[in-house]
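Worksheet: the structure to be examined is printed underneath.
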Amino acid sequence: MNQIPDRFDHATAAGQITEAWDKARCGHAEVNPDRKPFTIVIPPPNVTGALHLGHGLNNTLQDIVIRTRRMQGYEALWMPGTDHAGIATQAVVERRLKEQENLSRHDIGREGLVERIWQWKDQYEKRILGQLKRMGCSCDWERTRFTLDDRCATAVRATFYDLFSKKLIYRGKRLVNWDTFLQTAVSNDEVENVTKKGHFWHVYYPVLDPKPGEPERVEIATTRPETMLGDTAVAVHPDPAAALDKIEAELRQKRSEASQKDQADIDSELETLAQRRESMLPQLIQLRDMALDGRKLMLPLVNREIPLIADVWAKPEVGSGCVKITPAHDPNDYEVGLRAELPMINILEPDGTLNRDGGQYEGMTIPAARKAVVADLENLDLLGDIEDRDIELPHSDRSKTPIEPFLANQWFVAMDELAQSAMDAVSSDKVEIFPERYRKGYLDWLGEKRDWPVSRQLWWGHRIPIWSRTGLAESEAQQMVQQLESLADDTGSISHRVDSTEDGTHHVFVCLRNEDDPREAKLESIGFTRDPDVLDTWFSSALWPHSTLGWPNETKELEYFYPTSTLITSRDIITLWVARMVLMGLNNVGDIPFRQVFIHPKILDGNGETMSKSKGNGVDPIDVIDKFGPDALRFGLARLATDTQDVRMPVQYECPHCDKLIDQTKKNRSLPRIDCPACEKPFSTQWAETEADKSLPRGLVVSERFETARNFVNKLWNAARFSLMNMDGYQPQSVDVSTLPLEDRWLLSRLATVTKQVTEGVEHYRYAEVTRTLYDFAWDEFCSFYVEIAKPRLAEEQQRPIVQSMMAHGLDTLLRLLHPTMPFVTEAIWEGLAGAAPQRGVPEPVAAANFAMIAPWPESNQSDYNESIEQQFAEFQEVIGAIRKIRASQNIAPRETVPVAIRCSPEAQSRLQPMKAYFAGLAGADVIELGPDAKAFETDAPLALTSIEIEVHVDLEKFIDVDAELSRLEKLLSQLVKQITGKQQKLGNENFVSRAPAEVVDRERESLGDLQRQHESVQGDIERLRTKSKAS
RNA sequence: GGGCGAUUAGCUCAGUUGGUUAGAGCGCCACGUUGACAUCGUGGAGGUCACAGAUUCGAAUUCUGUAUCGCCCA
């Protein structure tokens, strides 16, 4: 017996294969003028946690491209690395610190915390890289980078310095989204809105010295009453009548276009508006006049005089028509504040408690202050109605706590020119985005040209290289500048700017280009302090394509591998990351970072939710690899990657005790341990934290959706096993293709076609199509037909050598085409094939490469493509199918051979003749007659293949089951009747006949004729069978 | 509120420029272990292509609207 196991043992093989690749440095790329470069930089995974299936998909798709290109002879570099993910990582480590040791970051200090995060980073970086390696990612591991390593730090400093010197970086007070838990600003992109139940409080502010006829107080309403402490105005619309007119006109317009049902609703809105006009408009006009007259209000509780102002932000159609203005704590009010030049009073400490400007509420938390303010207003009889209301509240994505709009000093990157350059790169197609529909989002986002706030009040990240002295008098500032100028040398590595403020003081900011500049100490000795903040993590990620290649040094790698070839990423970071890489690449290197961007779908769980750590529904690719193997993981993911749809993947826990699969639900997905409903034994999950839970055996999280791929790996393995088992006596030989029999030429033709489809498919990122093409070819053509036909041929001494050559060649080509998707099993088989047929290939055998991974990509040999041979073979396949159908309907056992007669034209006869011998193996059929004169049998089961004008007859003498046969024929008849009726109707339609192209009409007529003849014949068969069964 | 996408078999998804009877895998039914593979083989059942209109000789495919779901941006 043979030594090849009938399963691919991926658990043992994968490690050995990886080791062999590493040893041969197959994934390593060097500057090589003899080859064209092909470069991909990995979207660096966050070191926040381990990878899930979304990363699995992303990296599989990259590896498929890079492996293909490597085989195509490019110097293929896949640059690996990880991202420090500033806020996300710090948040995770801080939360653990709190949970496990009840310490805050202030307890252990900046250095202490950063050290902890480095430990975390080391741990997760190792895990992540391990995951990538087990997936088979062919990165150049020798080049692995980290966004916070020295090389990236140098690039960050150089970039920051450059932008600072160009005056593209400035400091501004801006309303930022403040995370009171992490005590940092978070970007808009890190904020999610959560709808919660809240209240709408109506409050009265007294008017100062009302004139006769004027109201004594104005009513405002707010969902956040405590912010009144920071109010600096109340606004009313400057032209309430016009505003109402405009709204009414819009409603009438809408009504004229609305459906009947919606009209009623709009009518009631119009009614309300009319009432409002009557009841409130006079007062709003009066208030507006008071505002223009410069009247003031008394802000209760703090007793501050605030102006009544006119501003369009006040909406006359809602509430009281008046709105309180808190510029320091509301984005809209902030805009009003800028317009009206209002003071901006910040009432919050960074930790979310009230500061001195909160008056008697100083020190309270926001909820406490809210309660107190409401109570005090009520005591003063200044509180009106309280409405219940659903309120959309921004929450920090990272800490899950409510965001407070907060006025703070931040560093900004001016985006105007930079954004424009990145827009131009895409509009001019220098950077192509696939699928194309994502271009719009990219261009729209950049088109807003919003300045980029880059400072983060964190400790984990690239510290901002700025030293500052603030609050200087003009003379002091001038003196400082002189001192700075004396520090300048000719390297252009120190730069400064002076900002003057409203209060007449001056700030001096100094930026140093290089790390460990001795002038740091000098600066500090003259009173400068370094900015404590760090940079937004996207600042360093934006440099990734060039920083990893050595920029700002003019390295040979940068010269050779940049711009990179393609970027493969997920859609949620097109703006945050892709856009910023483009503009930074253009600014720093003067060239785009990549030529193409491919955006792939997201993997969702069974509920259609994205996988994420915080939800607990992430699947570790290692679990899937353990159960199904790395090739199945990759193939399974790639075949789901179409360009339209996100991928929904229901997942299950696998009980380690009884193998029972338990659906993952919203309830159980974040549990640290689960009791198996079948065997009732407990097992742990990836969330296990306690020692008790961790000591339980772990249940894998898997998905049945990888079974198809696992089975395919097995199929390929066994096709190879069969081939290798039949390679005895193989001798490499030249093959004269023109003398080969049909089945061999068919295989060559199919190989040429499949090679072409796969090559083009990979080049256009059509992964699902590529995997389907390969799956169908390998399974339905190579295995089901070529190998089956090869079985009898291998037994014939004359044919055996040619079949061996062809099988080796076919398998070899298939392995190479499949390698980028399924690297391990193909590499394992490649090694086996090297033992049996080290030199192989048709027509000329050549020595195979040492590894499939570095074997040359197959060329589609167009001279092998032969349409008439493919048609001829398809005809044969159809006849086989017909015989199988008849057999199945008669329940004829597979081991029985049935006599078959095939009636067809002389041409078809000569086409089928060469395949006659193979009907036995493929359909258990003995073809006793073939040609125009072939006759039906006495006890006959016929099937007409009208499209190719062939009639298949099976002799049922020994097998006849009259009822079964009658029911088969009757079913066939009813199908035919249905089709004939349809066609007759179509052809009876004068419009169709006269207006459709003649070609289409002819085709319909022809096929109607076929169907009618078939109908007649089936009817005859039924008659005969009935008569016969009566007679017997 | 604006933009993008989706809705096809019980489930998860394909479906080219509009043109015979809309496909695959899983699941289901029947039969089958003959030396590559039961992670297999052969056959079968199963679809009003979300709904309503329009264009067309002809629509899963084009257009409009509606509903539902998802994502992004305000």
Side-chain angles (χ1 to χ4, degrees), chain A residues 1-2 4-8 188-189 193 259 261 331 392 435 437-441 444-445 448 571-572 574-575 601-602 604 606-610 628-629 632 636 639-640 642-650 703-726 766 768-769 771-772 775-776 779-780 783-784 787-788 790-791 880-881 883-896 921-924 946-947 968 971 975-976 978-979 982-983 986-987 989-997 999-1001 1003-1004 1006-1008 1010-1011:
Chain A
M1 291 310 287
N2 76 82
I4 309 171
D6 63 3
R7 298 274 189 278
F8 172 50
N188 284 333
D189 315 294
N193 284 317
S259 66
K261 189 179 80 195
E392 275 220 336
R437 64 173 182 279
Y438 292 112
R439 276 171 61 123
K440 190 173 153 46
D444 287 353
W445 186 82
E448 293 182 24
R571 85 175 102 73
D572 37 8
I574 296 174
T575 52
K602 302 191 74 158
L604 312 176
N607 299 313
E609 295 180 35
T610 55
F628 296 108
R639 65 196 284 276
L640 299 173
T642 64
D643 73 2
T644 51
Q645 287 257 101
D646 284 342
V647 179
R648 195 179 277 223
M649 173 141 351
S703 173
E704 290 169 319
R705 304 205 54 198
F706 291 100
E707 278 179 10
T708 305
R710 188 264 322 264
N711 295 352
F712 181 53
V713 170
N714 182 246
K715 188 74 182 176
L716 182 72
W717 177 259
N718 275 287
R721 180 169 180 257
F722 172 84
S723 306
L724 297 179
M725 277 163 35
N726 286 284
R766 293 194 293 255
E769 190 183 309
T771 47
R772 187 156 34 89
Y775 181 95
D776 291 348
W779 203 306
D780 299 335
C783 292
S784 295
V787 168
E788 289 306 320
K791 285 175 183 174
I880 294 284
I883 300 170
R884 284 172 174 174
K885 263 186 206 173
I886 295 169
R887 292 185 62 119
S889 72
Q890 290 294 314
N891 258 331
I892 298 170
R895 61 165 61 88
E896 300 283 359
L922 286 161
T946 50
S947 58
R968 176 180 79 91
K971 196 175 138 206
Q975 280 172 351
L976 286 166
K978 221 162 108 187
Q979 285 171 48
K983 296 251 183 252
K986 204 169 186 182
L987 285 161
N989 181 347
E990 183 52 35
N991 272 328
F992 172 69
V993 178
S994 61
R995 308 184 72 154
E999 195 186 293
V1000 173
V1001 177
R1003 205 161 57 217
E1004 288 296 304
E1006 217 174 290
S1007 94
L1008 176 61
D1010 285 343
L1011 288 167

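Computed from a prediction, not measured in an experiment: that's the story for all the values here. We use all heavy atoms of the structure for the numbers below, so side chains are in, but hydrogens, waters and symmetry mates are not. Proteins come first, then strands; the chains are lettered A, B, ... in the order of their sequence lines, and each starts at number 1.
One atom, CD1 of A:Ile883, and another, P of B:U42, lie 14 Å apart when rounded to the nearest Å. In this structure, CD1 of A:Ile574 is placed 13 Å from C1' of B:G3, rounded to the nearest angstrom. Atom-to-atom, CG of A:Asn711 to P of B:G41 comes out at 9 Å; the value is rounded to the nearest Å. As a whole-Å value, the separation of A:Leu922 CG from B:G32 P is 21 Å. If you take CG of A:Asn891 and P of B:U42, they are 16 Å apart, rounded to a whole angstrom. The distance between atom CZ of A:Arg439 and atom P of B:C73, rounded to the nearest whole Å, is 20 Å.
Cation-pi geometry between A:Lys715 and A:Tyr775 is not met at under 6.0 angstrom from the ring centre and within 45 degrees of the axis.
In this structure the side chain of A:Arg571 reaches within 4.5 angstrom of the side chain of A:Lys602, judged on heavy atoms.
Across every strand in view, B:A24 sits in a pair with B:U12 that passes the Watson-Crick or G-U test at under 3.5 angstrom. Figure legend. B:G19 is base-paired to B:C57; pairs are counted as Watson-Crick or G-U wobble with both atom distances under 3.5 Å. B:A36: no Watson-Crick or G-U partner with both key distances under 3.5 Å is found in any strand. Base pairing of B:U42 is made with B:A30, judged by Watson-Crick or G-U wobble geometry with both donor-acceptor distances under 3.5 Å. Base pairing of B:A67 is made with B:U7, judged by Watson-Crick or G-U wobble geometry with both donor-acceptor distances under 3.5 Å.
Looking at every heavy atom in both residues, A:Arg884 comes nearest to A:Ala923 through CG-CB, 4.4 Å. Residues A:Ala719 and A:Cys783 approach most closely at CB-SG, 3.5 Å, considering heavy atoms.
Set against B:G19, B:G3, B:C37, the side chain of A:Asn714 has B:C37 as its closest nucleotide. Closest approach to the A:Ser784 side chain among B:U42, B:A45, B:U12 is made by B:U42 (side chain taken as heavy atoms from C-beta onward). Ranking B:G19, B:U12, B:C37 by closeness to the A:Pro997 side chain, first place goes to B:G19. Between B:G43, B:C37, B:G19, one nucleotide has an atom nearer to the side chain of A:Asn718 than all others, and that is B:C37. For A:Arg884, the side-chain atoms get nearest to B:U42 when compared with the rest of B:C26, B:A14, B:U42. Comparing B:C71, B:C37, B:C57 by their closest approach to the side chain of A:Ala996 singles out B:C57. Among B:U12, B:A14, B:G3, the nucleotide with an atom closest to any side-chain atom of A:Lys440 is B:G3. Side-chain proximity of A:Arg710 to B:A30, B:U20, B:U39: nearest is B:U39. With B:A36, B:C26, B:G3 as the choices, the nucleotide that has an atom nearest any side-chain atom of A:Met725 turns out to be B:A36.
At a threshold of 4.0 angstrom between heavy atoms, the contacts of A:Arg7 include nucleobase atoms, whether or not backbone atoms are also involved. Backbone-only engagement by A:Lys983 is indicated by non-hydrogen atom pairs under 4.0 Å involving sugar-phosphate atoms exclusively. Within 4.0 Å of A:Lys885, counting heavy atoms only, lie sugar-phosphate atoms of the nucleic acid but no base atom.
Taking side-chain N and O atoms only, A:Arg895 has a distance below 4.0 Å to OP1 or OP2 of B:U33.
Judged purely by atom type and a 3.5 angstrom limit, A:Asn718 uses its side chain to pair as donor or acceptor with the backbone of A:Asp6.
Enclosure of atom CD in A:Glu1006 is not indicated, since only 12 or fewer non-hydrogen atoms of other residues, nucleotides or ligands lie within 6.0 angstrom.
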